[in-house]
*Asks:* 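Would you mind keeping the following structure in view while I ask a few things?
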Amino acid sequence: MSHRSGRHFLQIPGPSPVPDRVLRAISAQTIDHRGPDFAEVGKKALQGMKSIFKTSQNVVIYPASGTGAWEAALVNVLSEGDHVLMYETGHFATLWKKMAAKLGLKAEFIEGDWRGGADPDAIETRLRADKAHEIKAVCVVHNETSTGSVSPIAEMRRALDAAGHPALLMVDSISGLGSIDFRFDEWGVDVCVSGSQKGLMLPPGLSFNAVSERAYDYSKTAGSRRSYWDWQEMVEINRGGYFPYTPATNLLFGLNEAIGLLHAEGLDNVFARHQRHAAATRAAVQQWGLENLCTRQGQESGVLTAVLMPEGHSADAFRAVALQHYDISLGSGLSKVADKVFRIGHLGDFNDLALAATLSGVELALRKAKVPHQPGGVEAALAMLENTQFGQTAAA
Ligand SMILES: *Cc1c(COP(=O)(O)O)cnc(C)c1O
């Protein structure tokens, strides 16, 4: 067995490091998921997730990765042959579209350049042209983890309403929830998909659907054949705090602890912290003379920053140097941007010194790997941190 002293820096945009208190909660002895003690655990988790989604409507919890909850969202309300409109924000939007096609849906893409969020005007224009209302759902990724861009979800609702279109609004906030502002009820979202291992600071293994009354009503009569993912039976049994099949008991212990931590810090403070660390990271990237993949001002992610490598330099070779010499894991470029970008995760259980260490690791690795750059990125980030207070959003 080999051992490296000190903490490994897991700075990929999910899974994110798990706080010690959450790890301890998970390590409790497993209990009977049909016994009397479990109901409180289940009820607390379901109620707690409503407070995170900011909804008074139903939340469903699956023992599955985010991909499972993606499938659940589609099969509960959409039937084979249904037309869905999706927006190409990046790799994850592309995977969700591929899944929709595999499930027999007619998935249409509005093409994007992977350098910003979804464009509400393009969605509105497309919906206006759909006079027969054949499009049953609009699917948008909130925080596109492959590019570090955020789609304005409230604007998506406005686009649907402006077009007078009845399609459901379905959102993937797998990596946004718990890190950047999200308001299920206020923004008129019909289904939101999320997962445990990003902003919620848990290990992988839980995923979620928040479900509007309207989407839930649809699911009573519509949707594809389904069993494991079916909302109806789940919601019925959840009323008592129980689940139709064995839930991930220990992850629910951890979830309740993590929700407690988010509220103890205050969700608005959590969101401001992410914006501030993202702004400091961008200051470092700019000083290095490197390019942020996201070019749309105001749409840069608080969760991660994707950095373009200079022409002729391999992002994966650079990441390997960072891991070997400084014990830091950085996110890889996915599909279209494979080997062209590396991603710095600044989400979850994170603070100023963790950011300083992360950016120092990146800068040291840039030197070690002989990637052309200007020095002083860490100093630029520290100056940004010094000039902005806790709980205060830094100017971009
Ligand atoms: C991580 C992620 C997924 C996939 O979730 P898994 O838990 O890996 O199945 C989907 N969409 C987005 C935006 C993600 O960040």
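Atoms within each ligand, like the ligands themselves, are counted from 1 in listed order. Bear in mind that the values here come from a model prediction, so they are computed numbers and not experimental data.
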*Asks:* Run the numbers on D190 and R157 for salt bridge (charged side-chain N to carboxylate O under 4.0 Å, His left out), then give the verdict.
*Replies:* CA-CA 10 Å; D190 287 297; R157 167 46 65 196; 3.2 Å; yes

*Asks:* For the pair E134 and K106, evaluate salt bridge (charged side-chain N to carboxylate O under 4.0 Å, His left out) and give the outcome as yes or no after the intermediate values.
*Replies:* CA-CA 10 Å; E134 276 170 3; K106 208 174 131 202; 5.1 Å; no

*Asks:* With respect to W231, which candidate in V77, V75, N58 satisfies the side-chain contact (heavy atoms from CB on, under 4.5 Å) definition?
*Replies:*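 Exactly one option meets the side-chain contact (heavy atoms from CB on, under 4.5 Å) with W231, and it is V77.
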
*Asks:* Between the protein and ligand 1, which nitrogen or oxygen pairs come in under 3.5 Å, and how far apart is each?
*Replies:*
unit_1   : atom_1 : unit_2 : atom_2 : d
ligand 1 : 7 (O)  : G66    : N      : 2.8
ligand 1 : 7 (O)  : Q197   : NE2    : 2.8
ligand 1 : 9 (O)  : S65    : OG     : 2.5
ligand 1 : 9 (O)  : G66    : N      : 3.2
ligand 1 : 9 (O)  : T67    : N      : 2.8
ligand 1 : 9 (O)  : T67    : OG1    : 2.5
ligand 1 : 11 (N) : D172   : OD2    : 2.7
ligand 1 : 15 (O) : T145   : OG1    : 2.4
ligand 1 : 15 (O) : K198   : NZ     : 2.7

*Asks:* Got P310 and V371 here, is their nearest side-chain heavy-atom distance under 4.5 Å?
*Replies:*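 A side-chain contact exists here, since the closest heavy-atom pair is under 4.5 Å.
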
*Asks:* If we count only N and O atoms by modelled type, under 3.5 Å, do the side chains of H91 and S335 hold a donor and an acceptor together?
*Replies:*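 Yes - a donor-acceptor pair under 3.5 Å links their side chains.
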
*Asks:* Using the rule side-chain contact (heavy atoms from CB on, under 4.5 Å), only one of V138, I135, D121 pairs with R126; which is it?
*Replies:*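 Only one of V138, I135, D121 forms a side-chain contact (heavy atoms from CB on, under 4.5 Å) with R126, namely I135.
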
